[in-house]
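A short write-up of the structure that comes next.
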Amino acid sequence: MDGLITAFEAINDTRSSQGKRHSLTHITVMFVVAMLHGYFDMEEIHDFCKSKEDWFDARLDLWAGIPCRTTFGNVLSSIPAEVFMGTFIGWVNQVSKEQRSHIIIDGKGIKAAAEKVAGQRTP
């Protein structure tokens with residue numbers, strides 16, 4: 001978990017500090033953990049994170065609790081797709097090297113994400 005937190009701390013938070021209640025790192029880490037558990041819809045991600053709030057709080061020290069689904073969507077959409085994907089892939093590579101194992105990720109999900117980054121559909 002520390003590696004995931006460290007990886008996503010590198011993403012620059014471009015949001016205004018006014019009214020900001022949730023850390024960008026906290027939101028991205030919760031999002032990745034939810035995705036790795038098979039949740040992709042913002043409402044499902046919120047519900048998953050809410051059900052694991054104690055677990056997340058113990059690791060992230062959440063000062064404002066779990067963000068609402070709208071906050072998840074708004075904050076995540078503010079991160080350029082190539083930045084998010086680059087950070088995620090870098091973290092996966094690091095985990096693979098440390099664990100000396102492979103991480104299996106749904107190919108359709110990766111293809112859709114890669115298409116979004118490239119702004120086009122792959123053949």
Side-chain angles (χ1 to χ4, degrees):
M1 185 71 161
D2 291 338
L4 179 60
I5 293 168
T6 301
F8 281 91
E9 283 176 338
I11 294 178
N12 185 32
D13 190 351
T14 59
R15 299 176 295 157
S16 166
S17 60
Q18 184 178 10
K20 182 168 47 172
R21 295 182 52 209
H22 301 281
S23 158
L24 179 67
T25 301
H26 293 172
I27 292 172
T28 54
V29 167
M30 287 186 279
F31 177 73
V32 168
V33 171
M35 278 187 7
L36 292 174
H37 279 87
Y39 300 101
F40 298 97
D41 175 81
M42 290 304 157
E43 190 165 339
E44 292 176 341
I45 289 167
H46 170 265
D47 292 346
F48 169 79
C49 293
K50 195 72 174 163
S51 74
K52 305 291 184 196
E53 188 167 2
D54 291 340
W55 187 86
F56 281 115
D57 189 39
R59 287 151 182 83
L60 299 173
D61 190 26
L62 302 175
W63 58 82
I66 302 295
C68 69
R69 65 181 175 87
T70 305
T71 299
F72 269 111
N74 290 341
V75 171
L76 292 166
S77 68
S78 74
I79 303 169
E82 57 277 355
V83 171
F84 186 89
M85 285 299 294
T87 303
F88 179 75
I89 291 169
W91 172 73
V92 168
N93 287 334
Q94 185 63 36
V95 170
S96 294
K97 288 176 188 173
E98 290 172 0
Q99 301 296 322
R100 296 183 185 185
S101 62
H102 298 284
I103 298 174
I104 300 170
I105 301 172
D106 177 22
K108 290 179 187 175
I110 294 295
K111 180 181 180 208
E115 288 172 352
K116 185 173 182 179
V117 169
Q120 59 188 9
R121 296 190 51 79
T122 56

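Values reported hereafter were calculated over all heavy atoms of this structure, with side chains retained and with hydrogens, waters and symmetry mates removed. Note that the structure is predicted; figures quoted are calculated from it, not measured.
Looking at F48 and I66, their side chains never come closer than 4.5 Å, going by heavy atoms from C-beta outward. The shortest side-chain heavy-atom distance between W91 and T6 does not fall under the 4.5 Å cut-off. Residues V33 and F56 meet the side-chain proximity criterion, which asks for heavy atoms closer than 4.5 Å. The closest side-chain heavy-atom distance from S23 to W63 is below 4.5 Å.
Rounding to the nearest 0.5 Å places CE of M30 at 10.0 Å from OG1 of T25. Interatomic distance, L4 CG to Q94 CD, rounded to the nearest 0.5 Å: 12.0 Å. To the nearest 0.5 angstrom, H22 atom NE2 is 8.5 Å from R15 atom CZ. Of the inter-residue distances, the one linking K50 atom NZ with I45 atom CD1 reads 15.5 Å to the nearest 0.5 angstrom. The line from CG of L60 to CD1 of I27 is 11.0 Å long, rounded to the nearest 0.5 Å.
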- Would you sort out whether F8 and F88 count as a ring pair (Phe, Tyr, Trp, His ring centres under 6.0 Å), showing the intermediate values? CA-CA 8 Å; F8 281 91; F88 179 75; 7.1 Å; no

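The two residues L62 and E53 have their closest heavy-atom pair at CD1-O, 4.4 Å. Contact detail for A64 and R21: the closest heavy-atom pair is CB-O, 3.2 Å. Heavy atoms only, all atoms of each residue included: F31 and L76 are closest at CD1-CD1, 3.2 Å. Residues M42 and R69 share a closest heavy-atom pair of O-CB, 3.7 Å. The heavy-atom pair separating A7 from T87 by the smallest distance is O-CG2, 3.3 Å. Of all non-hydrogen atoms in F72 and H46, the two that sit nearest each other are CE1-CA, 4.1 Å.
When the options I79, D13, I5 are evaluated for a side-chain contact (heavy atoms from CB on, under 4.5 Å) with T28, the one that passes is I79.
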